[in-house]
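Remember, it's 1-based here, ligands and their atoms both numbered in the order they're listed.
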Amino acid sequence: MKFLLILLFVVQTLAIVSKKGIYARNSTCPTTPTNLVLTNQTTLPDPFTFLSGSPVTTLSDWKCRQDEISSLMQTYELGTKPPKPSIVTAAFTEVSASTYSLTIGCTEGTKTVSFSVTITYQSTPGPSPYPAIIAYGGASIPVPATAAIITFNNDIIAAENDQSSRGVGIFYDLYGATASAGATMAWAWGVSRIIDALEMTPAANIDTTKIGVTGCSRDGKGALVAGAFDERIALTIPQESGSGGSACWRLSDAMMTAGQDVQTASEIVRENVWFSPTFTNYSNSVDLLPFDHHLLAALVAPRGLLVIENAAYLWLGPWSCYGCMMSAKTIWTAMGVPDNMGFSEVGNHSHCAFPAVQQPTLLAFIDKFLLGRPANTSNVMDYDFGEPFNATQWANWATPTLM
Ligand SMILES: *[C@@H]1O[C@H](CO)[C@@H](O)[C@H](O)[C@H]1NC(C)=O
Ligand SMILES: *[C@@H]1O[C@H](CO)[C@@H](O)[C@H](O)[C@H]1NC(C)=O
Ligand SMILES: *[C@@H]1O[C@H](CO)[C@@H](O)[C@H](O)[C@H]1NC(C)=O
Ligand SMILES: *[C@@H]1O[C@H](CO)[C@@H](O)[C@H](O)[C@H]1NC(C)=O
Ligand SMILES: *[C@@H]1O[C@H](CO)[C@@H](O)[C@H](O)[C@H]1NC(C)=O
Ligand SMILES: CC(=O)N[C@H]1CO[C@H](CO)[C@@H](O)[C@@H]1O
């Protein structure tokens, strides 16, 4: 009897330990604490430690940690990305010899909305089905002729003129004007629906395992969020996304404290509606956020990410972007695929004018992730801004080898 009681005790203890995720992490993720008390953390949060304090040591732990990060970012910054609507429809029609229109209908309950994107098949067709790049507002990077370009007018999904744009756009017609998603998350939902529609439309002849997404400036912020929240995107290319994109809130605040005229969270929430209304509450206290944008990038791993930045504009936070993405790179390194992530920040060109010097890097990433050709994407870390980033000070974690 005594023996049985002891055995029961041991079994119970094991069950409790297992619930905490110390054992059996493979099957269940550690529970994210509820009623989270946010603590002041002035440095970038450690990617490899769960909120519960337990370490990320395996690839399946990392998958759990990505779920945790995704949930935190939706709660505190971006708002909720709704799942695929109950009904999605797709209509594919010819506009001219090389241009087609794809009209996507989404129904949830009694409401139906629709929007259209333009698919341009370029002059030199490669093997079909074709890879494609979804370009917010049209591509401002050169796209090889063998890939199709899908032009996405994201403002139809969620408007972004100023504060009066809150809740305006077909996303909010479907989910309600008080839906928590800010514009970047609403657009990401739109990108996912484009991919749903492509999957349903064999006539479009697009290889949905070879989809890239890009956009510049505010649309670059959007492209990064889209890549982070849809695993079907093979290559994410945010261009000059700056603060709210590849920059980290904490690092941009540090630049401002140092007297540099950089966009910060406290400015961005007054300028536009790119983020959830909840984020406004943290815009003057970004140290309370249990994440920063290195962890937004982390949601893209191990898929392809090429971050294109411009050192010529202080407003974009060139040092912040570099430090943030250097810190994010540790995640691809931990997963054993460091070459899948690159950062290229050069100066001497206008905002969103893609310079020739970045072209070989861009083409290498497109070759590798969209065209399925061998390409060298290793050691892409170009930095023209000069100001060094002290990882010991800002990103003081050890990078594990996740297997
Ligand atoms: C652990 O996860 C991996 C990857 O998902 C899977 O292949 C493996 O079968 C899992 N093992 C157990 C014991 O669940
Ligand atoms: C902002 O914080 C206040 C005080 O905690 C809370 O009442 C309010 O709901 C928050 N606003 C949003 C949009 O989350
Ligand atoms: C966090 O701590 C730092 C350093 O002590 C302080 O300057 C900052 O105001 C604190 N932030 C918050 C949100 O409490
Ligand atoms: C790949 O590119 C990197 C960076 O430009 C260079 O250091 C490396 O030698 C190249 N590797 C090969 C195999 O060409
Ligand atoms: C980097 O930061 C660490 C920790 O704050 C500090 O000890 C070290 O001196 C810094 N290194 C440089 C080169 O400033
Ligand atoms: C030739 C030239 O204009 N070089 C500049 C390029 O941009 C970097 C960073 O923005 C400057 O430091 C160089 O002087």
Those atoms of ligand 4 less than 4.0 Å from some heavy atom in Ser378: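 Near Ser378, the atoms of ligand 4 are 1 (C), 2 (O), 3 (C), 4 (C).
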Non-neighbouring partners of Phe229 that pass ring-ring contact (aromatic ring centres under 6.0 Å, His included), sequence neighbours left out: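 With neighbours one apart ignored, the set is empty.
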Counting only heavy atoms not in Glu271, do more than 12 fall under 6.0 Å of its CD?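 More than 12 within 6.0 Å, yes.
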With a 6.0 Å cut-off on ring centres, are [X] and [Y] close enough?
X      : Y      : value
Tyr282 : Tyr76  : yes
Tyr121 : Tyr100 : yes
His294 : Trp332 : no

Going by side chain to side chain donor-acceptor pair (under 3.5 Å), name the residues that satisfy it together with Trp319, two or more places apart in sequence or in a different chain.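 For Trp319 there are no side chain to side chain donor-acceptor pair (under 3.5 Å) partners, ignoring immediate neighbours.
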Does anything in residues 344-369 pair up under salt bridge (charged side-chain N to carboxylate O under 4.0 Å, His left out), and if so which pairs, sequence neighbours excluded?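 Residue pairs with at least one partner in residues 344-369: Asp367-Arg373.
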Close residues, ligand 3: non-hydrogen atom nearer than 4.0 Å: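 Lining ligand 3: Asn40, Thr42, Ser285, Asp287, Leu288.
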Please confirm whether Asn390 comes within less than 3.5 Å of ligand 5 when only nitrogen or oxygen atoms on both sides are compared.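 Yes; at least one N/O pair falls below 3.5 Å.
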